Amino acid sequence: MKVKVDKLSKVKKKKKPVFLILYLSFVILFIIALITCCITLRFVLKDYEDSMPKYVMQTVADKISGGDYSDIVNFSAGTLSPFETQQNFENAISQKLSAGEISFGKKAGEYTDTNPVYLLLAGEEQIATVKLKQQPQKSKYGFSLWELENISPVQTETTSYKITAPKGSTVTVNGVTLGQEQITQSDIAVDALVEIPEEILPEKPVLVEYTIDGLLAVPVVSATDSAGNICDITETDETSFKVGFGNNKELEEELGDFIVECAKDYSLYMSNDKGFWNISKNISSDVPLYDNLRQTPTFFYADHASTEFDNLTTSDFCVYSESCVSYDVKFDYVINMYNGTQHDFPTHLTMVMIYDNDYDTWVVGSILTHAVEDTDDNNTNSTTDDDNTDNTTDPTE
């Protein structure tokens, strides 16, 4: 009987280690499975979060906030004026973004789970509308993936600019050549040539006006004439440019001093310091100016001690043809009175010169006067009226 008990005890002792091994193995497998599930769940949750539209939108916002505007520029390329530069657009966006911290939110009335649409904000100012679209492929764990479909910047204030240029010249705006589509007015008469008879200048040059809409910044305007000469560009006001006619530096140097003397003679004639016979030798007898000056009495009757020409400048030497040019002359015409007072007349004249084939010399064909702001308290009036081609303006009226 004792032998049987010992055998039974031995069998029990053998079964106990087997149970412990199986139990520990089960526990270890469970722990491994639990860890695997946790790791997998973590990746699944990460995959799910990454697939959420707001995380894609956050990436877009972070990129823009960091100064990378390529997404906005790329999606806006088709809406920008063809004459606008990418740098100007980026500057406009950057200025808007400076309004405050970059954030975004769902766009009310448009956002849905299948059509995510967000508003990109800088502070409280709306910068752009951002639309996402679902990608055709799924994520690793079967979630929908989203990508940028479109960014539409909120309308940025733009300006229209007008450019007046000689017909036949080539005009560029921000490096892009203007064409017939931008012309809004044709065959505009040149003011300086109105008084020149057709017998002297049979084919008078004319101007065209271009209009360029939708620009975010002041454009860079350049031009060349039909011969390829670079034209001067004048900004006449905040939204207008004037393209001059082609220049000829050699001819300007040849005629410059003579034209200035003719301009001074005109002022001296108007103040009774020179007679008509003194100045008529340099004026064409075939133009209206000649008779106008001869028949119109001068106006400055008060005796005065002397005259001066201060702050003399010249500009805009324009070549209209081989026999017709113009030159802008500006100066302060100072008349010193015997009682010690001075009258200062700011003067701006466009001197139109024509070539006299009979005498083989250049002469004055017309004088276009321009209004000049008078800042002298002692000045009784300015010398000129705007666009007065009769050239009979009284410096004292």
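Every heavy atom of this structure was used, including side-chain atoms; hydrogens, water molecules and symmetry mates were not. Here the structure is a predicted model, which means the values were calculated and not measured.
When the shell of 6.0 Å around CG of D113 is examined, it contains 12 or fewer heavy atoms from other residues, nucleotides or ligands. Around the CD1 atom of I230, the shell of radius 6.0 Å holds no more than 12 heavy atoms that belong to other residues, nucleotides or ligands. For CG of D257, the number of neighbouring non-hydrogen atoms (other residues, nucleotides, ligands) closer than 6.0 Å is 12 at most. Counted within 6.0 Å of CD on Q295, heavy atoms from surrounding residues, nucleotides or ligands total more than 12; the atom is thus considered enclosed. By the 6.0 Å contact criterion, CD on Q95 is open, its count of non-hydrogen atoms from other residues, nucleotides or ligands being 12 or less.
Residues M353 and W362 come closest through the heavy atom pair O-CZ3, 3.7 Å. The shortest non-hydrogen separation linking L289 to S366 is CD2-CA, 4.0 Å.
In terms of hydrophobic clustering, with Ile, Leu, Val, Met, Phe, Trp and Tyr side chains grouped at heavy-atom distances under 4.5 Å, F104 and V117 are assigned to different clusters.
Considering only heavy atoms from C-beta on, V260 stays 4.5 Å or farther from F331 through its side chain. For the pair L201/I354, no side-chain contact is recorded, criterion being any heavy-atom separation below 4.5 Å from C-beta on. T158 is not listed as a side-chain neighbour of D213, based on a closest heavy-atom distance of 4.5 Å or more. P166 has its side chain within reach of V243: a pair of non-hydrogen atoms, C-beta onward, lies under 4.5 Å apart.
Using a 30° and 60° split on the angle between ring planes, Y333 and F309 fall in the parallel class, below 30°.
For T313, there are no side-chain hydrogen bond (donor to acceptor under 3.5 Å, both in side chains) partners at least two apart in sequence or on another chain. Residues passing the side-chain hydrogen bond (donor to acceptor under 3.5 Å, both in side chains) test with Q126: none are found, sequence neighbours excluded.
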**Report entry** Derivation of the side-chain hydrogen bond (donor to acceptor under 3.5 Å, both in side chains) call for D225 and S169
**Finding:** CA-CA 4 Å; D225 64 13; S169 59; over 6 Å; no
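The side chain to side chain donor-acceptor pair (under 3.5 Å) test with H304 singles out one residue from N336, D273, N272, and that residue is D273.
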